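Basis for what follows: all heavy atoms, side chains included, without hydrogens, waters or symmetry-related copies. Note that this is a predicted model, so its numbers are computed, not measured.
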Amino acid sequence: MLMTNFARLLDPWDELESIRQPFFGRTEPSNAEFPAFNVWVSGDDAIVTSELPGIDRGAIEISVAGKTLTVRGSRRSEELAEGESFHRKERWFGQFTKTFELPFGIDAEKVRAQLTGGILEISLPRAEAERPRKIEIKSE
């Protein structure tokens with residue numbers, strides 16, 4: 001109990017948020033938090049996935065330059081009829097931009113992206129110049 005009270009002294013904003021939350025709900029996620037992405041390497045490809053529910057594929061822009069991937073998009077707010085108002089609003093709406101530095105250069109001509117069931121998957125093949133090469137040792 002003493003550590004909990006001490007921790008609150010160190011972070012008064014956490015205490016303020018716990019008081020505010022019952023009245024106003026969670027704070028909407030910021031542009032930096034939405035959407036969340038996973039990035040991993042599989043063989044000679046980097047794979048990037050994200051959950052993008054409610055976002056049309058036409059509202060997503062993907063670009064690659066060297067080792068950098070940028071994903072931009074937007075999700076529209078729900079339209080309310082006249083006289084309606086939100087009782088609670090937790091879903092994030094607006095524009096987002098995410099930029100990732102990948103572990104190797106990408107062959108931009110071979111990048112593939114698909115959006116299926118609200119899941120975006122981008123396959124980014126390693127550029128040929130970035131692939132490890134086996135060097136033959138010659139004898140004299």
Legend entry - Pairs where residues 37-71 contributes a residue and the test ring-ring contact (aromatic ring centres under 6.0 Å, His included) is met, not counting sequence neighbours: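 Those involving residues 37-71 are Phe37-Phe100.
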Legend entry - Residues that Arg133 engages under side-chain hydrogen bond (donor to acceptor under 3.5 Å, both in side chains), provided they are two or more places apart: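 If we apply the side-chain hydrogen bond (donor to acceptor under 3.5 Å, both in side chains) test to Arg133, skipping adjacent residues, there are no hits.
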Calculate, to the nearest 0.5 Å, the distance between atoms [atom1] and [atom2] belonging to [X] and [Y] respectively.
X	Y	atom1	atom2	value
Ile122	Gln114	CD1	CD	11.0 Å
Ile60	Phe96	CD1	CZ	6.0 Å
Glu128	Asp44	CD	CG	8.5 Å
Ile62	Leu120	CD1	CG	5.0 Å

Inset, instruction - Please collect all salt bridge (Lys or Arg N to Asp or Glu O under 4.0 Å) contacts where either partner lies in residues 71-80, sequence neighbours excluded, each pair once. - result: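 Every pair satisfying salt bridge (Lys or Arg N to Asp or Glu O under 4.0 Å) with a residue in residues 71-80: Glu61-Arg72, Glu78-Arg91.
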Legend entry - Heavy-atom pair of closest approach, residues Asp56 and Leu115: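 Answer, listing the atom of Asp56 first, then Leu115: C-CD2, 4.3 Å.
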Inset, instruction - With the side chain counted from C-beta on, respond yes when Leu69 and Val111 share a heavy-atom pair under 4.5 Å apart, and no when they do not. - result: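 Leu69 vs Val111: side chains apart.
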Inset, instruction - Mind running side chain to side chain contact (heavy atoms under 4.5 Å, CB included) on Lys98 and Ser50 for me, showing each step along the way? - result: CA-CA 11 Å; Lys98 291 280 191 143; Ser50 181; over 6 Å; no
Legend entry - side-chain hydrogen bond (donor to acceptor under 3.5 Å, both in side chains) partners of residues 100-111, not counting sequence neighbours, each pair once: Thr68-Glu101
Legend entry - Under 3.5 Å: donor-acceptor pair, side chain of Glu84, backbone of Ala81: yes
Legend entry - Side chain Asp45, main chain Ile47, donor-acceptor under 3.5 Å: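 No.
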Legend entry - Glu51 atom CD, over 12 foreign heavy atoms within 6.0 Å: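 Count not over threshold, so no.
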Inset, instruction - List in chain and number order the residues that pass side chain to side chain contact (heavy atoms under 4.5 Å, CB included) with Ala46, two or more places apart in sequence or in another chain; answer none if no residue qualifies. - result: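 Ala46 satisfies side chain to side chain contact (heavy atoms under 4.5 Å, CB included) with Leu102, Phe104, Leu124 once adjacent residues are dropped.
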Legend entry - side chain to side chain contact (heavy atoms under 4.5 Å, CB included) against Ala65, all qualifying residues, sequence neighbours excluded: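 Partners of Ala65 by the side chain to side chain contact (heavy atoms under 4.5 Å, CB included) criterion come out as none, since no residue qualifies.
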Inset, instruction - Check the hydrophobic clustering (I, L, V, M, F, W, Y; side-chain heavy atoms under 4.5 Å; chains of links allowed) and say if Val41 and Val48 are grouped together. - result: yes
